[in-house]
Amino acid sequence: MKIIKKIFLVLILGLILLSTSSNAAVSTEKIYSYDSEIYIQEDASMIVEETIEVYAGGINIKKGIYRDFPTKYKDKHNNNYNVKFEVLEVLRDGKKEPYKTENQKNGVRVYIGDSNKTLRPGYYTYTIKYKTDRQIGYFEDHDELYWNVTGNGWSFAIDKATATVHLPDDVDMGEVNFEAYTGVQGSKKKEYTAYKDKYSNTVTFETTNRLSSEEGLTIVVGFEKGIVHEPTFEEKIGYFFDDNKGVVIGLVCTAVIIVYCFITWCKVGKDPKKDIIIPRYNPPDGLSPAEVKFIDSMGNYDKVFESSILNLAVKGYLKIENEEEKTFGIKSNKMTLIKQDKPLENDISEDEKDIYKTLPDVAKLEYSSSLQSKLVSMQSGQRRFLKKNIDGNMYRKNLGLVAISVVMSVITLIISIAFSIGMTEDMFVAPFMSIWLSVWTVGIVSMFKKSSNGFKSCGLILFMIPFLIGEAVGIGVLVHFIGTGIAVLILLLVIVNVIYAFLIKAYTKEGRRIKDEIEGFKLFIKTASEDEIKEQTPETFDKYFPYAYALGLENDWAKKFESVLESYNYEPNWCTGMYVGSTFRATAFTSSFSSSLSKSISSASVHPSSSGGGSGFSSGGRRRRIFWWRRPEDGGGGGW
């Protein structure tokens, strides 16, 4: 009797242990079976029926499960590519089940289950039937379905996954090729079996190993062209504009901006009618070389300060001494400005008088903090003088109208990017990259402007290589986030505003008259005959050389006077140390002098550390990756 009791107790204990073990085994929530039936239609749409068997243990699966379907992709040009997704039927254990959809960043989430009911622990079979389109890839020699069956976002393991692709009736199964991949996103593992059935026009795949969480099954089925509809060019254009509404909105707004620019240009941007241009032997009376340059270029400061220094020299207020130096065998020039003992007269402008008064008695044009301060002050003062006396009197830039165009363009871009990307963190990458690229580009252009011949030029080019690479990378990042369409829109708006800012500037009647006289003087420099020049003297060459220099025609001016200056054995008394060879040659002198003067003033005005060098970024504490190259996840799911 005691033996029977012991056997009975052992059996009871075993049943308890077995029950506990069984409960522990089934308490783990997972997908036992994931079966997908994929029907490819002749119109290239697809109907998919997914049957998912799960165990709900009340841990993550309380109300039911959810399934994520990506619908927003990027094409090879990084423009939006959106596919349609329509839920046709949702079942639980063969009966209709409540569901709701919710938009996600890259697609749609379908919540399956009743939010007011909690599931009892147990096994459940969910069926999701839906329709989608634009999933077929079109190649030169075949069409192809590349399809992530399960998605890689599941938080549960999947014991077994199967997928059956049903092809249209007209397909030649002998031309059908297939393969699949298993594992995490991007994995090339091939733990599956597959076969095609020519009688049912199907290709079936089945995993051979368990899929862990965030692992999935991706299939590829290729078939002959012409079986399913391939979009026409017109349809592709329609898809593009439908997917990229931001580009469409941007183009419409850009058209409005262009109309605004055209109307305002017609009203205030047209110059007064110019007179017939005839050669003039001298520049406009009463204007300094700086003023002539400023009027001719509508506010360009290039060579303005240098032409004033040159004018002071040829009029006898300064003397320019040049000293030639060699660095690594390469010649360079260092200039010194020396004041002459001559009282100021009315043959120079007020800004030139201020420059003369501010200059030290001897100014060696190389960097020193005191000279830099004075040069910067002189240039700033001259610019204020020119803007006050010329800008608005001789011409109008109409910057207020340009500002309106720029503001309209910025608003256009914000709206376009918002419609293209949506209100996500990526939206803020575009303006950041645009501002960064703008500053970066200005820096590169500035460095190019400061480039020089010889060793310095080579060193500058080598220094700029990483900056140019950074520019290319920055453009790539910008295009990656906003797409080619928006990038082209940005470029278009930049071009429109640059052209508009150039065209909207207009001369006043007085400015037009002076501009015509300047054009006449430039025409004389370019077309004067030898007979006309023979009548001139070296004094004429000196007097108008600063004007030719300011207008960028100093070499043409020197070439015209070459024989005249040789006949007079001309040697400039306002400049020494610039002779090329044993005798003075005007063209060689002006070419070397103009380059040396601008470089010398630039080197004395700018601190060496500000003309080159780099900067680094450092931070302490926790760092967060803001963005990187990425693609949307291929769906998945979980419990709720």
Side-chain angles (χ1 to χ4, degrees), residues 241 244-274 294-302 380 383-384 386-423 427-446 474-475 478-479 481-512 514-515:
F241 285 118
N244 298 272
K245 294 181 176 65
V247 177
V248 179
I249 293 172
L251 290 175
V252 172
C253 293
T254 300
V256 173
I257 293 172
I258 291 174
V259 170
Y260 159 81
C261 293
F262 179 75
I263 292 174
T264 52
W265 174 76
C266 289
K267 288 185 175 182
V268 300
K270 290 185 176 181
D271 291 334
K273 186 177 179 180
K274 66 179 180 180
F294 207 68
I295 294 171
D296 182 64
S297 63
M298 283 190 171
N300 190 335
Y301 294 106
D302 185 39
S380 299
R383 293 181 180 185
R384 288 193 298 270
L386 293 173
K387 285 180 68 67
K388 178 181 178 181
N389 291 276
I390 295 175
D391 196 353
N393 295 322
M394 296 294 178
Y395 59 81
R396 296 182 180 89
K397 290 186 177 181
N398 298 310
L399 294 179
L401 298 175
V402 176
I404 293 174
S405 175
V406 171
V407 170
M408 292 169 65
S409 300
V410 171
I411 294 173
T412 295
L413 286 177
I414 292 173
I415 295 174
S416 300
I417 292 171
F419 271 90
S420 293
I421 300 176
M423 301 301 291
M427 180 182 176
F428 301 99
V429 175
F432 168 77
M433 291 303 303
S434 299
I435 295 171
W436 179 81
L437 281 171
S438 300
V439 175
W440 198 272
T441 303
V442 169
I444 290 176
V445 171
S446 299
I475 293 173
L478 179 62
V479 173
F481 278 96
I482 65 177
T484 306
I486 298 294
V488 171
L489 180 64
I490 291 176
L491 180 61
L492 177 61
L493 286 170
V494 169
I495 292 173
V496 168
N497 281 279
V498 169
I499 294 176
Y500 179 62
F502 175 77
L503 293 179
I504 198 63
K505 294 186 291 185
Y507 284 103
T508 61
K509 289 184 178 180
E510 178 63 13
R512 179 73 261 180
I514 299 297
K515 172 67 173 176

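- A distance-only check finds no donor-acceptor pair linking the side chain of Tyr507 to the backbone of Met298 [under 3.5 Å].
- Contact between Lys388 and Asn393 at its shortest, heavy atoms only, is O-ND2, 3.5 Å.
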Run Cys253 and Ile415 through side chain to side chain contact (heavy atoms under 4.5 Å, CB included) and show every step you take. CA-CA 10 Å; Cys253 293; Ile415 295 174; 5.6 Å; no

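- Below 30°, between 30° and 60°, or above 60°: for Tyr500 and Tyr260 the angle between ring planes is between 30° and 60°, a tilted geometry.
- The minimum heavy-atom distance linking Arg383 with Tyr301 is given by the pair CG-CE2, 3.1 Å.
- Closest of all the heavy-atom pairs between Ile417 and Ile486 is CG1-CG2, 3.9 Å.
- Shortest non-hydrogen contact noted between Cys261 and Val496 is SG-CG1, 4.3 Å.
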Side chain to side chain contact (heavy atoms under 4.5 Å, CB included) for Val248 and Asn244? Distances and angles first, verdict last. CA-CA 7 Å; Val248 179; Asn244 298 272; over 6 Å; no

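- Side-chain atoms of Asn389 and Phe294, non-hydrogen and from C-beta on, never get closer than 4.5 Å to each other.
- In this structure, Gly250 and Ser416 approach most closely via the heavy-atom pair CA-OG, 3.2 Å.
- Here the straight-line distance linking atom CD1 of Ile257 with atom CG of Leu493 works out to 5.5 Å at 0.5 Å rounding.
- Ile495 pairs in a side-chain contact (heavy atoms from CB on, under 4.5 Å) with only one of the listed residues (Ile499, Val498, Asn497), which is Ile499.
- With a 4.5 Å cut-off on side-chain heavy atoms, Tyr395 and Ile390 count as touching.
- Of the inter-residue distances, the one linking Met408 atom CE with Ile258 atom CD1 reads 10.5 Å to the nearest 0.5 angstrom.
- Formation of a donor-acceptor pair under 3.5 Å by the Lys505 side chain with backbone atoms of Arg396 is not found in this model.
- If you take CG on Leu413 and OG1 on Thr254, they are separated by 7.5 Å, rounding to the nearest 0.5 Å.
- Expressed to the nearest 0.5 Å, how far OG1 of Thr412 lies from CD1 of Ile490 amounts to 11.5 Å.
- Leu489 has its side chain within reach of Leu251: a pair of non-hydrogen atoms, C-beta onward, lies under 4.5 Å apart.
- For Lys397 against Ile504, the heavy-atom pair with the smallest separation is O-CG2, 3.4 Å.
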